[in-house]
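Each remark here refers to the structure printed beneath this line.
Just so it is clear, the structure is predicted and the values come from calculations on it, not from any experiment.
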Amino acid sequence: MDDAIQVLRREFNAEEGSFLLRLRGDLIWDRGAFSRLELAMRMVCATYQERDQLERWLAEGFYEMATYVPGWTSHPNFPRPAAEYHEACLERIGDLADWFFRGWHAYDETHVWADL
């Protein structure tokens with residue numbers, strides 16, 4: 001869990017090599033960085049789902065992912081990855097933000113989160 005928190009700190013701060021920095025600064029959808037970020041978000045959701053209070057920096061990060069990434073990558077000049085993959089990633093970001101804020105996800109308990 002500590003590793004997932006550290007990944008999210010680096011990602012949400014848009015540090016060197018992060019998905020968000022590559023997205024904003026280089027206009028590149030880095031699949032490896034996205035996978036690392038998405039997995040960390042999933043791990044944090046699973047850990048935090050029973051908590052009544054959330055740390056502000058985490059809440060801000062999940063919110064930014066759910067609002068900023070879809071808006072930024074929907075620009076007609078953004079070099080998006082393949083449409084099916086891109087749409088699946090945006091849906092996943094929304095699902096994870098929803099899970100983080102509500103404390104539960106919309107899928108049944110046997111749901112397996114496929115790697116993206």
Side-chain angles (χ1 to χ4, degrees):
M1 177 59 194
D2 289 340
D3 290 342
I5 291 291
Q6 291 308 313
V7 167
L8 291 186
R9 272 196 199 282
R10 286 191 303 273
E11 289 291 341
F12 293 166
N13 287 329
E15 292 180 10
E16 191 65 38
S18 69
F19 173 75
L20 288 174
L21 184 62
R22 302 286 322 269
L23 191 74
R24 290 180 195 161
D26 301 330
L27 299 178
I28 293 173
W29 184 287
D30 183 327
R31 285 180 181 237
F34 179 80
S35 292
R36 181 178 59 243
L37 167 62
E38 183 273 336
L39 179 58
M41 289 175 73
R42 253 192 291 152
M43 292 175 69
V44 167
C45 285
T47 301
Y48 275 63
Q49 68 185 358
E50 300 297 325
R51 294 188 185 186
D52 290 331
Q53 297 196 1
L54 304 172
E55 296 174 56
R56 182 177 302 276
W57 74 269
L58 279 170
E60 289 171 349
F62 272 82
Y63 176 81
E64 285 296 314
M65 287 297 299
T67 58
Y68 174 80
V69 173
W72 186 256
T73 62
S74 69
H75 189 280
N77 292 332
F78 185 85
R80 282 178 294 288
E84 186 176 318
Y85 167 76
H86 181 245
E87 290 167 14
C89 290
L90 295 183
E91 181 177 355
R92 178 66 57 85
I93 290 169
D95 288 346
L96 291 174
D98 190 54
W99 182 9
F100 182 74
F101 289 114
R102 294 178 188 268
W104 50 268
H105 58 74
Y107 304 100
D108 64 39
E109 290 306 313
T110 61
H111 177 74
V112 175
W113 296 84
D115 290 332
L116 295 174

Linked, directly or transitively: [X] and [Y] (ILVMFWY side chains, under 4.5 Å):
| X | Y | answer |
| --- | --- | --- |
| Y107 | V44 | yes |
| L39 | L21 | no |
| Y48 | W104 | no |
| M43 | V7 | no |
| I5 | F101 | yes |

Is there a side-chain contact between [X] and [Y] in this structure, where contact means two heavy atoms from C-beta onward sitting under 4.5 Å apart?
| X | Y | result |
| --- | --- | --- |
| M41 | L8 | yes |
| I28 | P79 | no |
| M65 | F19 | yes |
| L96 | E38 | yes |
| V69 | F34 | no |

Can you name the closest pair of heavy atoms from [X] and [Y] and give their distance?
| X | Y | value |
| --- | --- | --- |
| L23 | W72 | O-NE1, 3.1 Å |
| A33 | S18 | CB-C, 4.3 Å |
| A4 | A40 | O-CB, 3.7 Å |
| F62 | C45 | CE2-SG, 3.7 Å |

Is [X] close enough and on-axis enough to [Y], meaning under 6.0 Å and within 45°, for cation-pi?
| X | Y | value |
| --- | --- | --- |
| R31 | Y85 | yes |
| R9 | W57 | yes |
| R24 | Y68 | yes |

Quick one: pull up [atom1] in [X] and [atom2] in [Y] and give me the separation to the nearest 0.5 Å.
| X | Y | atom1 | atom2 | result |
| --- | --- | --- | --- | --- |
| R10 | L20 | CZ | CG | 13.0 Å |
| E11 | L37 | CD | CG | 4.5 Å |
| L58 | F12 | CG | CZ | 6.5 Å |
| T67 | I93 | OG1 | CD1 | 10.0 Å |

- Do F78 and W29 have ring centroids that are under 6.0 Å from one another?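 Distance test on ring centres: not under 6.0 Å, no.
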- Item | Side-chain donor/acceptor of R80 to backbone N/O of T73, under 3.5 Å |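 Checked: pair present.
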- Item | Donor-acceptor contact below 3.5 Å, side chain D30 vs main chain G32 |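 Present.
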- When you look at R92 and L116, which way does the side chain to side chain contact (heavy atoms under 4.5 Å, CB included) test go after all the steps? CA-CA 9 Å; R92 178 66 57 85; L116 295 174; 3.6 Å; yes
- Message: Between the side chains of D3 and R36, is the shortest nitrogen-to-carboxylate-oxygen separation below 4.0 Å, so that they form an ion pair?
- Response: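 Salt bridge flag = no for D3 with R36.
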- Message: Pair W99, Q49 - check side chain to side chain donor-acceptor pair (under 3.5 Å), show working.
- Response: CA-CA 7 Å; W99 182 9; Q49 68 185 358; 2.8 Å; yes
